[in-house]
Amino acid sequence: MHDFEVVSNDKIADGIYSIVISAPKLATMLEPGQFVNIAVPGVSANLLRVPLSYAKADPEAGTVEIWYAVVGEGTRNLSLMEPGSTSNLLGPGGHGWRVPEGAGRALLVAGGIGVPPILGAATILSQMGVAFDVCLGAASASKIVGVDELCALGAESVSISTDDGTAGTCGFCTDPAAALLAKGGYDYVASCGPAPMMKKVAQAAADAGVYCEVSLERMMSCGFGACNTCNVETVDGMKGACMCGPVFDASKVVVF
Amino acid sequence: MHDFEVVSNDKIADGIYSIVISAPKLATMLEPGQFVNIAVPGVSANLLRVPLSYAKADPEAGTVEIWYAVVGEGTRNLSLMEPGSTSNLLGPGGHGWRVPEGAGRALLVAGGIGVPPILGAATILSQMGVAFDVCLGAASASKIVGVDELCALGAESVSISTDDGTAGTCGFCTDPAAALLAKGGYDYVASCGPAPMMKKVAQAAADAGVYCEVSLERMMSCGFGACNTCNVETVDGMKGACMCGPVFDASKVVVF
Amino acid sequence: MSVNMAVDFGGVKMQNPINTAAGTFGYGWQFQNFFDVSKLGAITTKGCAAEPWPGNPAPRMAEVRGGMINSVGLQNPGVRAFAEESGPWLNQLSKDGCQVICQVCGHSTPEYVRALELFDELCPWAAGFEINVSCPNIAAGGAACGSTPEGAGEVMRACRKVTDRPLFVKMAPANVVDVARALEAEGADGLSIINSIQGMAIDVNTRRSRVAKPKGGLSGPLCHPIAVRMVWEVAQAVDLPINGVGGVMTGEDAAEFILAGATCVSVGMANFVDPTASLRIAGELEQWAESQGVSDINELVGAFEC
Amino acid sequence: MSVNMAVDFGGVKMQNPINTAAGTFGYGWQFQNFFDVSKLGAITTKGCAAEPWPGNPAPRMAEVRGGMINSVGLQNPGVRAFAEESGPWLNQLSKDGCQVICQVCGHSTPEYVRALELFDELCPWAAGFEINVSCPNIAAGGAACGSTPEGAGEVMRACRKVTDRPLFVKMAPANVVDVARALEAEGADGLSIINSIQGMAIDVNTRRSRVAKPKGGLSGPLCHPIAVRMVWEVAQAVDLPINGVGGVMTGEDAAEFILAGATCVSVGMANFVDPTASLRIAGELEQWAESQGVSDINELVGAFEC
Ligand SMILES: Cc1cc2nc3c(=O)[nH]c(=O)nc-3n(C[C@H](O)[C@H](O)[C@H](O)COP(=O)(O)OP(=O)(O)OC[C@H]3O[C@@H](n4cnc5c(N)ncnc54)[C@H](O)[C@@H]3O)c2cc1C
Ligand SMILES: Cc1cc2nc3c(=O)[nH]c(=O)nc-3n(C[C@H](O)[C@H](O)[C@H](O)COP(=O)(O)OP(=O)(O)OC[C@H]3O[C@@H](n4cnc5c(N)ncnc54)[C@H](O)[C@@H]3O)c2cc1C
Ligand SMILES: Cc1cc2nc3c(=O)[nH]c(=O)nc-3n(C[C@H](O)[C@H](O)[C@H](O)COP(=O)(O)O)c2cc1C
Ligand SMILES: Cc1cc2nc3c(=O)[nH]c(=O)nc-3n(C[C@H](O)[C@H](O)[C@H](O)COP(=O)(O)O)c2cc1C
Ligand code: FES
Ligand code: FES
């Protein structure tokens, strides 16, 4: 359990916020792809914590940045937290991306609010010196986040798709992703987004014979292995997303 | 239903707050002893409105002042309302004090947070030109409110009792009240406070042969006659406090 | 696109599926200053017995997390006084398009019959009657009676002989499938599911109940998932139309009941939180029906996919 | 003044009345990084069957107002794997002063017996066993079985022959008095009241359940007043010690159970909201006992005044 203080909490796109928290110890511990489980203050009919991936951690400043979409009461209350207010979180939770040793080139595929863990993957790749391309999908231009960060981390290309065509190509980001994979040259794929998207990406990666990891979302009650509500059906049986994931080897996943 | 805006919301004694709201129409309608039923904002496990008497109404300024003790979640959330924030209330509810025509002298007995309706009674008395004395009880000096206001309204005497003796006489305000009533000269008694206190005052008034009214508290679900949860057992059967009260002829009350 | 919102609840033709839960809407006129009650599909009036009942002592209510607990004990002025005091207003309401369902109480089968006879005689404007065999707060004629097929069935059988107008039964939240089957066999026209749930709230300082009796009846959002489940169970088991009751605070809550198989939905505790809640919920339900691309709300009754 | 907080729950000597609800505390060690689990009176481990069970598909949880609904379906690795993986840690825990109660699951009486035999053999450190005849999320051996005196009684009778260690039964929230009497007659050492309540939560856009099956089990504050009522009802009817379960978030909630007649109290959903909740609640309960001016918490068991 880590206490934290809100440093800033701002809207960065349509319905999407960035919260920067000060939590010095946590900032040194987080590995890309892991998550935290936040107690959102406010007397509330919703009691459970909100599990969120982190987008960036700055061990020197002692801060962690999280990007979140406001979808319900928990995230709405989170968006109301003022700088200076405090709460606590559990984490780091689960384990993150495992980029294969010796990978030369990677493809990252993010949909919607799946961008934060993908930023984490990009961070590792850039540290490891692995070249990478990004396919990024969003419902609309107003909901795109992370392009600047991905470019700054060294993405060789970022191809954007929107459902309504207001930015990039009109359509799903799974199409450019499949096209890139079909062309070849990749050793690793990391994906996070809606379940049907990840399923398609996993299939395209499998077709191309490339090792693929996905960051899965599940309804979590505890976030630390005590409740069995975050199950992922894998070829090796039911696995808890909070401890065995959220990042899974896509080839083992039966239900995304 | 009236919308209102908070003008100020300040602590005036230990655990006791004064909230001034702007609600111009309401301010012209309220009669002393009536109450309002406030929707306290904030996503909350407690859903029902908070019924509160009012201490002062200023029809010209369009404001109403309410004094309340923080005792639970509803009143705690109320104390968090910032100036400028808005909500709505139902009211005026019930009916207030009915000072008998031709009364010459009255005794007001208030215990704890029973002061606000007693301020209302003092307001009528002063408008009617009826002389009055006040007996005021509180747990401790730090919880006394209203003495200045009562003096300003023309109280001829204000005798203070505290449970712990930190101000005035050590003991309950029912003792000085009984003593004054025994001395005689009163035509009307109005009382608000804890049930055992009002019961004693009513008894002392009955013994002295003086007409006595009490403002009763009940758990209210609706506040407008629809739920039957605010019942007061009277010699004429069960009466709803929200419509037939909160002010009752004490001689008719079976259970205070 | 406009959606037909009218439903037929066991012979009561409602202009929309929103009803009010007995005991939470007084006799209707208490709400007239807040909104135009005639816009609702129906209202159900507070339970009345043949003779006046005093109800329980104070305190009759305490708030609990996610709802409230009450111990009113069916205080009522008796059918005669009710019909005299509230009849004219309710008669006008029914002419204005909102159906009136009167709730009937008793401590024994003969008392139910006597009350219903009086209602039948004195309330010609009533579109139907709801028999309350499930009050959690009375010793006889309460939840214990309504929780067995025999108990509820006996009351229904006797009442059926009294009137040809639609007869509904307010069911206790126990043994619902068996009781519903018995009520169907005895000729009920519809079922109201559920009455408040028996619960307890103890003041840990005084060590006493926070309401007048040890047990009280729970209402509010906390009831909702339980009530939805019971509506769905009964909808699978019998052919009677159902009135979903329990924790309806929003149009979505009402929609859950409809999907689970309710033909109409009653708003209870929400009336206290916001006296205009029932009308707001009627609007939200219509918006939801529109969003579902149907032309008739009846297409959504029981449309839960499992 | 210091109050004796130790209680005897049907032969399990607990240093304080705080226990954990099966399925909400994993196998105990999941909480070891949050606090010193050995400070609790007891923990109850997640239900295990003789053979591993996969449980239900996702989604297994949805939040509802005042609580949550789950559809885990008793996923478990089987007693053997449980004893191997968690046994050493639990053995140490019991040596450190916190009793371990292991929950036993099955789909049929022979399955319960087989699981209990394995527990009895492989878990010498277990202070007692809790038989779960009330899971809302499984078809056989679940709430339907535990809701009848015959069903629950049959399982208890068979299990009683397997071990002399204390045997408790986790009861469904239905028909509690009759079932409790049957369990007392069959030799149960205590009762855990209640398991989660069957409910439904429907996504009104997809028209599907928000969890894997149409129905799920409700936990959290919404259960509390119902559970307190059931504990009180059973405490009046049988002589067995009771473990109060349902919506305990604070020491006051635990105190309500104690006053209603529970000897010990289990913390469930609160463990998810705050992993240290059980220890905090133990402290709050002790403070309350002190405020009541008693020298022994046992003086407060059943001290509700009505
Ligand atoms: C490991 C993990 C990492 C996540 N990372 C991020 C992130 O970086 N940014 C982000 O915006 N969101 C992320 N999520 C999703 C986020 O947890 C949910 O959006 C949030 O819990 C919703 O809470 P709420 O109270 O606002 O909404 P609710 O009112 O509880 O639900 C609103 C909607 O969100 C869905 N939802 C709620 N909780 C979850 C959950 N735990 N998993 C999946 N769907 C859920 C519900 O089914 C519902 O449709 C992550 C989830 C997990 C499990
Ligand atoms: C007509 C009327 C006028 C009132 N006027 C005032 C006033 O001017 N100033 C003031 O401070 N308080 C007044 N009260 C009491 C006030 O309504 C309660 O203190 C308040 O509702 C408590 O809400 P809560 O959510 O903070 O506390 P809760 O957590 O709901 O309860 C805390 C404690 O307060 C008691 N309580 C709660 N609601 C009521 C109620 N409606 N009546 C009596 N006791 C209650 C509970 O039994 C409990 O012991 C009045 C009550 C009534 C009925
Ligand atoms: C104060 C109060 C009084 C009630 N009186 C009655 C009644 O007279 N008859 C009845 O059948 N139900 C009565 N109920 C139960 C409601 O009609 C309804 O079944 C229950 O409250 C659940 O719905 P809700 O959660 O929307 O309130 C009463 C409920 C409350 C809160
Ligand atoms: C995720 C989850 C899993 C559960 N698993 C079990 C279980 O395996 N066995 C059992 O008897 N009860 C199980 N329960 C029910 C709890 O033990 C408890 O009876 C119920 O949640 C009510 O208590 P609470 O409101 O404090 O959570 C589970 C509850 C939850 C929330
Ligand atoms: S969220 Fe509880 S086990 Fe994964
Ligand atoms: S508070 Fe509802 S009738 Fe008085």
Side-chain angles (χ1 to χ4, degrees), chain B residues 1-3 29 37-51 71-77 87-93 195 216-246 248 253-256, chain C residues 20-35 43 45-47 52-77 81 137 201 210-212 216-217 219-222 247 249 268-277:
Chain B
M1 184 132 42
H2 301 262
D3 292 325
M29 295 168 76
N37 209 4
I38 300 187
V40 179
V43 184
S44 159
N46 284 44
L47 295 162
L48 296 175
R49 290 166 181 266
V50 176
V71 296
E73 199 192 313
T75 46
R76 188 165 52 243
N77 281 348
S87 187
N88 66 68
L89 57 77
L90 310 180
L216 299 181
E217 249 188 55
R218 285 296 182 272
M219 298 301 294
M220 292 184 172
S221 311
C222 71
F224 53 87
C227 74
N228 272 325
T229 59
C230 62
N231 64 307
V232 172
E233 198 178 328
T234 72
V235 294
D236 304 322
M238 291 293 187
K239 301 283 174 191
C242 70
M243 301 296 281
C244 306
F248 285 88
V253 174
V254 177
V255 179
F256 284 82
Chain C
T20 62
T24 67
F25 206 71
Y27 303 118
W29 47 263
Q30 284 90 346
F31 289 78
Q32 66 184 320
N33 292 332
F34 295 113
F35 72 100
I43 70 166
T45 54
K46 170 81 185 167
W53 290 3
N56 291 338
R60 287 185 177 176
M61 190 276 285
E63 237 178 312
V64 298
R65 283 162 304 191
M68 59 183 278
I69 185 163
N70 90 77
S71 178
V72 170
L74 281 174
Q75 176 183 337
N76 74 82
N137 296 323
R210 291 173 61 203
V211 292
S219 300
L222 70 84
M249 312 301 280
M269 179 182 174
N271 296 308
F272 305 151
V273 180
D274 169 8
T276 66

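The chains referred to below are lettered A, B, ... by the order of the sequence lines, with proteins before strands, and numbering in each begins at 1. Remember, it's a predicted structure, so these values are computed and weren't measured experimentally.
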Asker: Against chain C, label Met220(B) side chain, backbone, both or neither, depending on which of its atoms sit under 4.5 Å from a heavy atom there.
Answerer: backbone
Asker: So does Phe224(B) get a backbone contact from the side chain of Gln30(C), meaning a donor-acceptor N/O pair under 3.5 Å?
Answerer: no
Asker: Could you report the tightest heavy-atom contact between Phe272(C) and Ser221(B), atom names first, then the distance?
Answerer: CB-O, 3.1 Å
Asker: Please round to the nearest 0.5 Å and tell me the distance separating atom CE of Met219(B) and atom CZ of Arg210(C).
Answerer: 7.0 Å
Asker: Quick check: closest heavy atoms across Leu48(B) and Met68(C), and the distance to 0.1 Å?
Answerer: CD1-SD, 4.3 Å
Asker: Is it the side chain or the backbone of Tyr27(C) that comes within 4.5 Å of chain B heavy atoms, both, or neither?
Answerer: neither
Asker: How far does SG of Cys230(B) sit from CE of Met61(C), to the nearest 0.5 angstrom?
Answerer: 9.5 Å
Asker: Which atom pair, heavy atoms only, marks the closest approach of Arg49(B) to Pro275(C)?
Answerer: NH2-CD, 4.2 Å
Asker: So which of Asn231(B), Asn228(B), Thr229(B) actually passes side chain to side chain donor-acceptor pair (under 3.5 Å) with Arg60(C)?
Answerer: Asn231(B)
Asker: Could you tell me the separation between the CE atom of Met238(B) and the CG atom of Asn76(C), rounded to the nearest 0.5 Å?
Answerer: 12.5 Å
Asker: Does some side-chain heavy atom of Leu47(B) sit less than 4.5 Å from a side-chain heavy atom of Pro221(C)?
Answerer: yes
Asker: With heavy-atom distances below 4.5 Å as the criterion, would you say the side chains of Leu90(B) and Phe34(C) are in contact?
Answerer: yes
Asker: Enter the distance from Asn33(C):CG to Met1(B):CE here, rounded to the nearest 0.5 Å.
Answerer: 11.0 Å
